[in-house]
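Everything below concerns the one structure shown next.
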Amino acid sequence: MAFGNPYAAYQDTAVKTASQGKLVVMLYQGAVRELTAAYDCFENTEKIPASNIEKYGKHILKAQEIINELQVSLDMDKGGQISQNLMSLYVYFNQELMSANINQDKKKLHFVLDMLKQLGAAWETASKSTAPTQQVVHSALNITG
């Protein structure tokens, strides 16, 4: 009898049972994880060693896919200015990551990584809050299970 991957099953259950706020936090954590792995490909140099170029590109692309998920989760009708601002940021992040990928630009990568960490921390705080602002932030999203 085959039992599949228990970690994948755990992840699947975590996603299916998470609140909207927690899902957003998980997406940010995934993007940060991928960009951190991409940043590590530099190995304390300014250019990526040839042996890490493919891995670097894969991590950047995964982060861009996650940012795309954040984009499509925005509810532009209900989210108002928050959704518009987040959309602009996500578009900008993807442009910067495309440039960072093509040009192996460590500074651009670091900038986007830092911004995603800050936004992720803000979403984590908002998702744990019981304040009325949590509803405003969540109304910018349209995440369905």
Side-chain angles (χ1 to χ4, degrees), residues 5-131 133-145:
N5 182 342
Y7 180 71
Y10 170 79
Q11 281 184 312
D12 186 51
T13 301
V15 168
K16 287 180 180 176
T17 60
S19 68
Q20 286 183 344
K22 181 61 178 165
L23 286 172
V24 173
V25 169
M26 291 168 74
L27 287 169
Y28 275 104
Q29 289 170 341
V32 166
R33 186 175 44 254
E34 292 300 329
L35 293 182
T36 299
Y39 194 81
D40 291 343
C41 288
F42 281 94
E43 296 181 356
N44 297 319
T45 62
E46 289 305 310
K47 287 291 179 190
I48 300 171
S51 61
N52 288 347
I53 290 174
E54 183 178 357
K55 186 167 46 169
Y56 174 78
K58 285 181 181 180
H59 289 300
I60 296 283
L61 290 175
K62 279 188 177 184
Q64 287 179 299
E65 289 171 0
I66 293 169
I67 292 169
N68 289 340
E69 282 298 316
L70 288 165
Q71 279 182 277
V72 298
S73 72
L74 293 171
D75 186 332
M76 301 307 286
D77 295 329
K78 294 179 185 175
Q81 192 65 40
I82 293 172
S83 289
Q84 291 173 12
N85 291 342
L86 286 170
M87 179 63 78
S88 295
L89 276 174
Y90 297 152
V91 168
Y92 176 71
F93 290 162
N94 270 330
Q95 289 171 345
E96 291 295 284
L97 289 174
M98 185 184 318
S99 177
N101 194 3
I102 292 168
N103 300 310
Q104 298 181 17
D105 191 327
K106 192 175 183 177
K107 289 179 183 173
K108 284 186 180 187
L109 176 61
H110 185 267
F111 173 77
V112 174
L113 175 57
D114 187 52
M115 292 298 295
L116 285 171
K117 284 179 181 178
Q118 291 179 43
L119 283 167
W123 274 103
E124 188 166 5
T125 299
S127 72
K128 291 178 182 176
S129 172
T130 57
T133 55
Q134 182 181 3
Q135 272 310 104
V136 172
V137 172
H138 285 176
S139 71
L141 300 172
N142 181 22
I143 299 175
T144 57

Self-check item: Short side-chain to backbone donor-acceptor contact, Gln64 and Asn94, under 3.5 Å
Solution: yes
Self-check item: Straight-line distance of Trp123 CH2 to Lys22 NZ, nearest 0.5 Å
Solution: 14.0 Å
Practice problem: Over all heavy atoms of both residues, which pair between Leu116 and Ala31 is shortest? Give the atoms and the distance, please. | Solution: CD1-CB, 4.0 Å
Quiz prompt | Donor-acceptor contact present, side-chain Asp105 to main-chain Ala100, <3.5 Å | solution = no
Exercise. Evaluate the side-chain proximity of Leu27 to Leu23: yes if any heavy-atom separation is below 4.5 Å, no if none is.
Key: no
Self-check item: Residue Glu54 excluded, over 12 heavy atoms near CD under 6.0 Å
Solution: no
Quiz prompt | Shortest non-hydrogen separation from Asn103 to Lys47 and the atoms involved | solution = O-NZ, 3.4 Å
Self-check item: Trace of the side-chain contact (heavy atoms from CB on, under 4.5 Å) decision for Leu35 with Phe93
Solution: CA-CA 12 Å; Leu35 293 182; Phe93 290 162; over 6 Å; no
Quiz item: Heavy-atom distance under 4.5 Å between the side chains of Val91 and Ile67, does that happen here?
Solution: no
Practice problem: Check whether more than 12 heavy atoms from other residues, nucleotides or ligands sit under 6.0 Å from atom NZ of Lys108, and answer yes or no. | Solution: yes
Self-check item: Proximity of Tyr39 and Tyr56 rings by center, below 6.0 Å
Solution: no
Practice problem: Answer whether the closest heavy-atom distance between the side chains of Thr36 and Leu113 falls below 4.5 Å. | Solution: yes
Quiz item: What distance do Gln104 atom CD and Ile60 atom CD1 have between them, rounded to the nearest 0.5 Å?
Solution: 10.0 Å
Practice problem: Enter the distance from Leu61:CG to Asn68:CG here, rounded to the nearest 0.5 Å. | Solution: 10.0 Å
Practice problem: Answer yes or no: is there a side-chain heavy-atom contact under 4.5 Å between Glu65 and Glu69? | Solution: no
Quiz item: Do Phe42 and Leu109 come within less than 4.5 Å of each other through their side chains, counting heavy atoms only?
Solution: yes
Practice problem: Measure the shortest side-chain to side-chain distance between Tyr90 and Val72 over non-hydrogen atoms and say whether it is less than 4.5 angstrom. | Solution: no
Exercise. May I ask you to test the Asn52-Asp40 pair for a side-chain heavy-atom distance under 4.5 Å?
Key: no
Quiz item: Between atom CE of Met26 and atom OG of Ser127, what is the distance when rounded to the nearest 0.5 Å?
Solution: 11.5 Å
Quiz item: Between Asp75 (side chain) and Asp77 (backbone), is there a donor-acceptor pair under 3.5 Å?
Solution: yes
Quiz item: Taking Ser99 for the side chain and Glu96 for the main chain, is one N or O donor matched with an acceptor at less than 3.5 Å?
Solution: no
Exercise. May I ask you to decide if Thr45's main-chain N or O and Lys106's side chain share a donor-acceptor pair within less than 3.5 Å?
Key: yes
Practice problem: Please test Leu70 against Tyr28 for side-chain contact (heavy atoms from CB on, under 4.5 Å), starting from the C-alpha separation and ending with a verdict. | Solution: CA-CA 8 Å; Leu70 288 165; Tyr28 275 104; 4.1 Å; yes
Quiz item: Taking all non-hydrogen atoms of both residues, which atom of Ile48 and which atom of Ile53 are closest, and how far apart?
Solution: CG2-N, 3.9 Å
Exercise. May I ask you to test the Met76-Ser83 pair for a side-chain heavy-atom distance under 4.5 Å?
Key: yes
